[in-house]
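Worksheet: the structure to be examined is printed underneath.
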Number of protein chains: 2
Amino acid sequence: MNSSQLILQAALAHFARDGYEGASLKNIADDCGIRKPSIYAHYSSKDDLFLQALRSVFQRQEEQILQYFEENRHAPLEERLKGFLNSRQQEYQRDDEARFFLRVSFFPPRTLYEEVMDMVYPFLDAQELRLSSLLAAGCPVHGRIIRRPRQAASAFLTLMDGIHVEILYGGEARSAKRIEQAFPVYWAGVTSKGK
Amino acid sequence: MNSSQLILQAALAHFARDGYEGASLKNIADDCGIRKPSIYAHYSSKDDLFLQALRSVFQRQEEQILQYFEENRHAPLEERLKGFLNSRQQEYQRDDEARFFLRVSFFPPRTLYEEVMDMVYPFLDAQELRLSSLLAAGCPVHGRIIRRPRQAASAFLTLMDGIHVEILYGGEARSAKRIEQAFPVYWAGVTSKGK
DNA sequence: ACCTACCTAACGATCGTTAGGAAGTATCTT
DNA sequence: AAGATACTTCCTAACGATCGTTAGGTAGGT
């Protein structure tokens, strides 16, 4: 593999595990079998390396999400929503991207706060917008069954964050279980008749 | 205020904002108006300072939770659950404890992983147990209305974690709004008739 | 001839930590 | 009551280690 890519991948793992301040270029270089200053042939600084890792992660996540909704365009809404949770959970499981993504979103390095948030907020906004219109449009087959789309969207994001937390804590098995238990409650909640 | 307490409080703020690796004893000392080595008159190491801060936070959180359930022993279940979310959200807003608590739970410093998790897991287990028995017992006035207590407990924890995330992201106003939007969905979900 | 990708050596800064001492306060002895 | 003793709490100075980064050089490919 390309050396730049190798460094980026190693950096991702270290940033995910130790955070920006805790990760050291020395250790990253060691993982790549090169010396510390050699990193500077590919990246101009630690900040640069971090931000490029960040960019690639956000881009991949965005692409994956769009792809999911494209592929499942015609599925029933309930299935599409639950499948989305499952696909997110599986993607996050694949490598260090989840920890990196969540860690950076929750606790960005203070010196790079603005740069990070300029990526995080649009990502979250796009996600909320996508979800809102999805729930407002309802299911193409069964018609509109969500009475309060905005409330349902907000609740779904809350549910999703709760799943994310369990991915961090408990890993694959426990977060999968959470989806199985929490999603039916959510779905019953948003489809129940009035209050 | 006592010097030890002053240091502990300053340390809490710094650990919350910059993480274990990102926080420096120099800056903590500056905030207290003393020199860096003077910290060692009160704490034997950075680890020691961190772990004592951790202990005090967990202890306070535990006390507050117990106190809430004690005071609201006779309230209706719905009110008690929603009030719990609100009280947690308010407590977390008060000072740096929330950020510290959540940051440490999600991303403990690698060198102190075991010590941290020896506090985190019992805390979470106790919370889940308390909640399970609460939901299984049902409401003292209106009788048992939760059909699947374990599922409801798991979903409630997921909901709570989702609120926590929004406290980190959006602060008081947005997390309060999340409670208003997501809790009714949860409650409708766990009280709806069958599926 | 230049460029890329690596190297060694070393820079200044900062990290947590220790040594050793000064001042203040409390405790014990005479 | 007075003086000696010990303990607490702060200080300055400095330690070795590690941090991100730069300078300068070398080998190989274009």
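Please read all numbers here as calculations on a predicted model, not as lab measurements. No hydrogens, no waters, no symmetry mates; every other heavy atom, side chains included, goes into these values. Residue numbering restarts at 1 for every chain, and letters A, B, ... go by the order of the sequence lines.
For A:Y40, the side chain to side chain contact (heavy atoms under 4.5 Å, CB included) test picks out A:L25, with sequence neighbours left out. Residues forming a side chain to side chain donor-acceptor pair (under 3.5 Å) with A:Q181 (at least two apart in sequence, or on another chain): B:S154. Applying the side chain to side chain donor-acceptor pair (under 3.5 Å) test to A:E114 and every residue at least two apart in sequence or in another chain returns nothing. With sequence neighbours excluded, the residues satisfying side chain to side chain donor-acceptor pair (under 3.5 Å) with A:D31 are A:H14.
When the C1' atom of D:dA23 is taken as reference, atom CZ of A:R35 falls 18 Å away, rounded to whole Å.
Contact annotation: B:H42 side-chain N/O to D:dC10 OP1/OP2 distance is under 4.0 Å. Phosphate contact (OP1/OP2 of D:dT9, side-chain N/O of B:S38, threshold under 4.0 Å): absent.
Of the charged side-chain nitrogens involved, at least one lies within less than 4.0 Å of a carboxylate oxygen, so that B:R178 and A:D161 count as a salt-bridged pair.
With contacts defined as side-chain heavy-atom distances shorter than 4.5 Å, the pair B:L6/B:Q9 does not qualify.
Under a cutoff of 6.0 Å and an axis angle of 45°, A:R73 and A:F69 do not form a cation-pi pair. Judged by the 6.0 Å distance and 45° axis criteria, A:K46 is positioned over the aromatic ring of A:Y20.
Annotation: proximity of residues 1-13 of chain A to DNA chain D (heavy atom, distance under 4.0 Å) is found for no residue.
Nucleotide C:dA1 forms no Watson-Crick or G-U wobble pair with any nucleotide shown, as no partner meets the under 3.5 Å limit on both distances. When both distances must be under 3.5 Å, the Watson-Crick or G-U wobble mate of D:dT30 does not exist.
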Between the protein and nucleotides 14-23 of chain C, are there any N/O to N/O pairs under 3.5 Å, and if so, what are the atom names and distances?
from, atom 1, to, atom 2, distance (Å)
C:dC15, OP1, B:S24, OG, 3.3
C:dG16, OP1, B:A23, O, 3.3
C:dG16, OP1, B:K46, NZ, 2.8
C:dG16, OP2, B:L25, N, 3.2
C:dG16, N7, B:K36, NZ, 3.0
C:dT17, OP2, B:Y40, OH, 2.6
C:dT17, OP2, B:K46, N, 2.7
C:dT17, O5', B:Y40, OH, 3.1

